[in-house]
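A short worksheet on the structure shown next.
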Amino acid sequence: MKEKELRRSLSVFPIGTVMKLTDLTARQIRYYEEQELIRPQRNDGNRRMYSLNDIDVLLEIKDYLAEGINMAGIKHIYDMQAQAQQKKQADLDRPVTDNDVRRIFHDELLQQGRLNSDEQGQPTLFHTHKRL
DNA sequence: ATTCTCACA
DNA sequence: TGTGAGAA
């Protein structure tokens with residue numbers, strides 16, 4: 001399901017379209033870009049081109065603003081999400097240690113009982129334990 | 001017609 | 001954040 005993500009990230013809408021879709025002014029849309037909440041790409045004529053993802057974020061910002069959250073607060077929300085994803089990546093890249101192996105083995109032992117009872121469970125093989 | 005940047009009686 | 005100017 002990567003192709004879909006890729007398409008949602010394609011910058012294809014000029015600011016005028018985004019304005020109509022989000023009901024935000026060009027001023028506001030450019031301001032949120034300065035705040036690094038969105039990163040529209042530029043076309044050959046230096047015109048900003050927005051993706052579906054950018055529009056989604058803009059819509060979310062609108063909601064947060066309506067809920068009384070200020071720019072600083074909204075920035076924090078996105079900063080946290082970004083950090084959470086970075087941490088997730090770091091965990092995936094983290095090499096498996098001896099302790100991890102022991103822990104995996106221990107978990108498998110505990111699950112063996114449940115494994116026999118349901119045949120439609122997910123394949124619980126050792127290498128499926130990415131989360132440690 | 002649209003969008004960009006920059007400045008502010 | 002609005003608005004207008006001058007350019008592309």
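Chain naming here is simple, since letters A, B, ... match the order of the sequence lines and numbering starts at 1 in each. Just so you know, these numbers use all the heavy atoms, side chains as well, and skip hydrogens, waters and symmetry mates.
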field: Nearest-nucleotide comparison on DNA chain B, the residue closer to the 5′ end among Arg42(A) and Lys20(A)
entry: Lys20(A)

Atom [atom1] of [X] and atom [atom2] of [N]: how far apart are they, to the nearest Å?
| X | N | atom1 | atom2 | value |
| --- | --- | --- | --- | --- |
| Tyr31(A) | dC4(B) | OH | P | 18 Å |
| Met19(A) | dC4(B) | CE | C1' | 13 Å |
| Asn43(A) | dT2(B) | CG | C1' | 11 Å |
| Asp44(A) | dA8(C) | CG | C1' | 14 Å |
| Arg30(A) | dC6(B) | CZ | P | 12 Å |
| Tyr50(A) | dC4(B) | OH | C1' | 11 Å |
| Phe13(A) | dT2(B) | CZ | P | 17 Å |
| Gln28(A) | dT3(B) | CD | C1' | 17 Å |

field: 4.5 Å side-chain heavy-atom contact, Arg48(A) and Arg42(A)
entry: yes

Distance below 4.0 Å between [X] side-chain N/O and [N] OP1 or OP2:
| X | N | value |
| --- | --- | --- |
| Tyr32(A) | dT1(C) | yes |
| Thr25(A) | dG2(C) | yes |
| Arg48(A) | dT3(B) | no |

Watson-Crick/G-U partner (both atom distances under 3.5 Å) of dT1(C): none

Mate of dG6(C) where both pairing distances stay under 3.5 Å, Watson-Crick or G-U: dC4(B)

query: Considering only dT3(B), dT1(C), dT5(B), which nucleotide approaches the side chain of Ile15(A) most closely?
result: dT3(B)

task: Looking only at side-chain atoms of Arg27(A), point me to the closest of dG2(C), dT5(B), dT3(B).
output: dG2(C)

- prompt: For Arg47(A) and Met71(A), take the nucleotide of DNA chain C holding the closest heavy atom to each; which residue's nucleotide lies nearer the 5' end?
  reply: Met71(A)

query: If you measure only the distance, is there a donor-acceptor pair under 3.5 Å linking the side chains of Asp79(A) and Gln83(A)?
result: no

query: So, Glu60(A) and Tyr78(A): side-chain donor and acceptor under 3.5 Å apart, yes or no?
result: yes

field: side-chain contact (heavy atoms from CB on, under 4.5 Å), paired with Ile69(A), selected from Ile77(A), Ile61(A), Asp63(A)
entry: Ile77(A)

query: When you look at CZ of Arg8(A), are more than 12 heavy atoms from neighbouring residues, nucleotides or ligands closer to it than 6.0 Å?
result: yes

